[in-house]
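Predicted model only: the values in this text are computed from it and were never measured. When a ligand or atom number is given, it counts from 1 through the structure's own listing order.
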Amino acid sequence: MKIAVLNQKGGSGKTTVSIHLAHAFSMIGYRVLLVDTDPQGSTRDWAAARNGEAPFSVIGLDRPILHKELPKLAQGYDFVFIDGAPRVSDLTRSAIMAVDFVLVPVQPSPLDVWAVHEVVELVQEATIYKPDLTAAFLINRKIANTALGREVTEVLGEYPFPVLKAQISQRVAFAECLNIGSTVLEAAPKSAASDEVRAVVEEILEARE
Ligand code: ADP
Ligand code: MG
């Protein structure tokens, strides 16, 4: 399965979510490839911080040729994640054309939910060529124990993609772990943060069946 984590809004959590999901899937025993399409290369930096000992493969490809190259690159992997780039539409389009499923991390604030229409439109355009393409929103940086604002629920509800039941909270552990080339799954496997990541994995696996 190929999954692109996309949202042209920078800071929505694409890199955080991509690395954590890639790690979680690899811990289950799947062979995982993570493709960093952001020219800033945060995911490559994360992998470099581990001195090349990432628990899954990481490559950088920040040109809009993913849809052509990915079938070859993906050989031998069970799951491929694409960490999306901000702004540039051609990279996002290319990523959408390369995958089966688009996951859109979104922060539960009005400004952030309004910004998702860009990626939603690109996904809808692509379904003309790829009728089986699916997408879902993933709430990221939710403030623990608060309900999602009405505006957030309403705006996301207008789009034709579901919002995953599993959500990722705002937790310093997510940021701290990535800075040292780790993940919460490794640094704190029994934490609430890790449980949240595993819940997202389960929901993706269930949806695939
Ligand atoms: P993007 O790749 O979409 O630009 P990042 O994953 O780099 O977004 O996240 C942007 C910033 O927000 C980073 O500093 C990251 O550490 C932080 N961040 C992302 N998700 C969370 C979270 N769930 N809890 C705390 N900090 C987060
Ligand atoms: Mg990023």
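Using a 4.0 Å cut-off between charged nitrogen and carboxylate oxygen, Lys72 and Glu69 count as a salt-bridge pair. Contact check on Arg31 versus Asp78 returns a salt bridge, with a Lys/Arg side-chain nitrogen under 4.0 Å from an Asp/Glu carboxylate oxygen. Ion pairing between Glu118 and Lys9 fails under the 4.0 Å rule for side-chain N and carboxylate O.
For ligand 1, the atoms sitting less than 4.0 Å from at least one non-hydrogen atom of Phe174 are 22 (C), 23 (N), 24 (N), numbered in the order shown with element in parentheses. Each of the atoms 23 (N) of ligand 1 lies under 4.0 Å from some heavy atom of Ile168. With ligand atoms numbered from 1 in the order given, ligand 1 contributes 22 (C), 23 (N), 24 (N) to contacts under 4.0 Å with heavy atoms of Ser169. Per-residue contacts place Ala175 under 4.0 angstrom from the following atoms of ligand 1 (heavy atoms of the residue considered): 16 (O).
Atom 8 (O) of ligand 1 has as its closest protein heavy atom Gly13 N, 3.0 Å. Of the protein's non-hydrogen atoms, the one nearest atom 19 (C) of ligand 1 is Thr16 OG1, 3.3 Å. For atom 24 (N) of ligand 1, the closest heavy atom belonging to the protein is Arg171 N, 3.0 Å. The nearest heavy-atom contact from the protein to atom 11 (C) of ligand 1 is Arg141 NH1, 3.8 Å. Of the protein's non-hydrogen atoms, the one nearest atom 4 (O) of ligand 1 is Gly11 N, 2.7 Å. Taking atom 7 (O) of ligand 1 as the reference point, the nearest protein heavy-atom neighbour is Thr15 CB, 4.0 Å.
Around the CZ atom of Arg87, the shell of radius 6.0 Å holds no more than 12 heavy atoms that belong to other residues, nucleotides or ligands.
Thr43 lies apart from the Mg ion (ligand 2) in this respect, since none of its N, O or S atoms is found at a distance under 2.8 Å.
Separation of atoms CG (Leu34) and CG (Leu21) is listed at 9.5 Å; rounding is to 0.5 Å.
For atom 13 (C) of ligand 1, the nearest protein heavy atom is 4.0 Å or more away.
The parts of Gln170 lying near ligand 1 are both backbone and side chain, judged by heavy-atom distances below 4.0 Å. Only side-chain heavy atoms of Asn140 come within less than 4.0 Å of ligand 1; its backbone N, CA, C and O stay farther off.
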Dump the intermediate steps for side-chain contact (heavy atoms from CB on, under 4.5 Å) on Asp83 and Ile19, then the final yes or no.
CA-CA 8 Å; Asp83 178 11; Ile19 291 176; 5.7 Å; no

Could you please spell out the steps behind the salt bridge (charged side-chain N to carboxylate O under 4.0 Å, His left out) verdict for Glu186 and Arg50?
CA-CA 12 Å; Glu186 195 169 53; Arg50 300 182 65 97; 2.9 Å; yes

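Heavy-atom separations between Ser42 and ligand 1 are all 4.0 Å or longer. Pro86 does not count as a contact of ligand 1, since none of its heavy atoms falls under 4.0 Å from the ligand.
A donor-acceptor contact shorter than 3.5 Å is absent between the side chain of Ser94 and the backbone of Leu91.
Not a single N or O atom of Asp83, backbone or side chain, sits closer than 3.5 Å to an N or O atom of ligand 1.
Side-chain atoms of Ser194 and Ser191 form a donor-acceptor pair, as typed in the model, at a separation below 3.5 Å.
Leu205 and Leu103 fall within the same hydrophobic cluster, where Ile, Leu, Val, Met, Phe, Trp and Tyr residues are linked whenever their side-chain heavy atoms come under 4.5 Å apart, directly or through other members.
Partner of Leu164 under the side-chain contact (heavy atoms from CB on, under 4.5 Å) criterion, chosen from Val104, Ile139, Leu138: Leu138.
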